[in-house]
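Notes for the one structure printed next.
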Amino acid sequence: FTYSGRRWTNMAVPSQPVIYEAQGFSHVLEKLPRAVGDRWKQTVNYTCLDASEAHLVVGSEQGIIYVVNVSSGKLVCKLTDREQVTQVKLSEKYGYVAYGTKEGTLRVEPATKSQVTKKYTVCEQEKQAVTALTWSRDEPVLYCGYMSGKLVLFHFSFRAETMQATRLPDSGSEVVQLSVCEDLLLISTMARAFLLNTKTLQITQVGRKDRKAGCYGGTFSSNGNDMLVARPGMRVFTADSGGQVLHTSIFRDNIDTQVVIKLSAQQLPTPAPTSTWQFTILVPWVSPLVVTYHEQLLWVLDPEQVAIVGFAALTHNITSICTSGSILYVLCNGCNPFLTRLTLSEGFMKAKQRGSAPLANTAQQSEDTPSQPGDD
């Protein structure tokens, strides 16, 4: 692989894209019905998803959650709720699925039918939707954010079948995304992004400046060494664990129409960039890649190179995305298929394992560099 300053190229097979749609996914899609009901059929609108190497979990407006084995295509578990599901999060380590609803209910249930274990339910009295969930990587701890700005930590003891809830300081506005690394919880809201030390409850804002209100997310990087935080104007902050911004990657002037990802779902012609384009939630992929979307647009970013390495414009708004290993899942109601599985090429993954993935130094704007008018 070589890097030309904007694009990765597989020199062994120059025509082979780095990101492409994986084949052989129909056996999974067959387990996700497009309509439910015996006498009166109702179209299923899928709202959220999460995945591990073994399983895919998809929630819906109809309150149905499907857990599918991605290798065999077997429907492992079907969970039902009376409320619209807004968030799902799978803990493969402990074998549980957490899901939140529009009415503020949080449920944590076994991910497989074979497990005969306790189910956990928490009801939000204010009836505010669950807008963000994330599991701790090392402990049976779940973090939950609400539309009201409320934040709660849930610590589970699955052997003892107990759960302890701890109220964290309110975020002040709707929670957009949560990401955790050891004792640090990165909280992205409609108003700001900040770090919360879950042991000391110390709060540190990411960056010195306030920003415009909007659905901007943030995440710890795949290696956990730093954080990536979306900002207006197609920008991404890279910050350290103290909330100090190390540099800013600006992507709005780095659009490359030759990195369009070819999908079986119908796509729009590559549109001209506009001032309305924004990055929303940030989902880490294979380091250093991160994935984001806005309405019908999907981007795969390399913040280190300040490069857009993958782009797609769909005919309908993207509903949710998630990654697992080299796989990226894109949920888009209205498209056919409504769920797409993308993958990184085998050659790229081998290059990453050898430590020979192409990385070139390109210009990056520091936080101290004067920002363009209207950026914040």
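The line from OG of Ser221 to CG of Leu228 is 6.0 Å long, rounded to the nearest 0.5 Å. Residue Leu133 holds its CG atom at 6.0 Å from CG of Leu106, rounded to the nearest 0.5 Å. Between Cys181 atom SG and Asp138 atom CG the span is 8.5 Å, to the nearest 0.5 Å. Interatomic distance, Thr219 OG1 to Gln177 CD, rounded to the nearest 0.5 Å: 5.5 Å. The OG1 atom of Thr276 sits 10.0 Å away from atom CE of Met234, with the distance rounded to the nearest 0.5 Å. To the nearest 0.5 Å, atom CG of residue Leu56 and atom OG of residue Ser324 are 9.5 Å apart.
Hydrophobic clustering, defined by side-chain heavy atoms of Ile, Leu, Val, Met, Phe, Trp and Tyr closer than 4.5 Å, groups Ile187 together with Val141, Tyr143, Leu151, Leu153, Leu168, Val175, Leu178, Val180, Leu185, Phe194, Leu196, Leu201, Ile203. Hydrophobic side-chain contacts under 4.5 Å tie Met147 to no other Ile, Leu, Val, Met, Phe, Trp or Tyr residue.
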Begin from the C-alpha positions of Gln296 and His316 and carry the test side-chain contact (heavy atoms from CB on, under 4.5 Å) through to its verdict. CA-CA 6 Å; Gln296 300 161 291; His316 294 75; 5.6 Å; no

Apply side-chain hydrogen bond (donor to acceptor under 3.5 Å, both in side chains) to His55 and Glu92, showing your working. CA-CA 8 Å; His55 296 102; Glu92 190 79 356; 3.2 Å; yes

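Between the side chain of Thr47 and the main chain of Val85, a donor-acceptor pair closer than 3.5 Å is present. A distance-only check finds no donor-acceptor pair linking the side chain of Thr198 to the backbone of Leu184 [under 3.5 Å]. Using modelled atom types, no side-chain atom of Asn69 and backbone atom of Lys74 make a donor-acceptor pair closer than 3.5 Å. Side-chain atoms of Asp240 come within 3.5 Å of backbone atoms of Gly243 as a donor-acceptor pair (strictly under, hydrogens ignored). A donor-acceptor pair under 3.5 Å is absent between the side-chain atoms of Thr204 and the main chain of Gly242, judged by distance alone. Under the 3.5 Å distance criterion, the side-chain polar atoms of Gln87 are matched with a main-chain donor or acceptor of Thr131. Side-chain N or O atoms of Gln267 include one that pairs as donor or acceptor with a backbone N or O of Leu263 at under 3.5 Å. Thr189 places no side-chain N or O within donor-acceptor distance of the main-chain N or O of Ser173, the cut-off being under 3.5 Å.
Within a 6.0 Å radius of CD in Gln202, other residues, nucleotides and ligands contribute 12 heavy atoms or fewer. Annotation for Glu182: atom CD does not count as buried by contact number, only 12 or fewer foreign heavy atoms lying within 6.0 Å. The 12-atom threshold is not exceeded at CZ of Arg82, counting heavy atoms of other residues, nucleotides or ligands nearer than 6.0 Å.
Aromatic ring pairs are classed by plane angle as parallel below 30°, tilted from 30° to 60° and perpendicular above 60°; the pair Phe279 and Phe251 is perpendicular. Note: Phe25 and His27 have perpendicular aromatic rings, judged against thresholds of 30 and 60 degrees for the angle between ring planes. Note on ring orientation: taking the six-membered ring where Trp is involved, the planes of Trp135 and Phe158 are tilted (angle from 30° to 60°).
Shown are Val300, Leu298, Val291, Ile327; of these, the side-chain contact (heavy atoms from CB on, under 4.5 Å) with Leu342 is made only by Leu298. If you run side-chain contact (heavy atoms from CB on, under 4.5 Å) between Leu49 and each of Val57, Leu339, Ile65, Val330, only Leu339 comes through.
The closest side-chain donor-acceptor pair between Tyr46 and Glu61, if any, does not fall under 3.5 angstrom. Of the N and O atoms on the side chains of Arg107 and Thr121, at least one donor lies less than 3.5 Å from an acceptor on the other residue.
In this structure, Phe311 has its ring center under 6.0 Å from that of Trp277.
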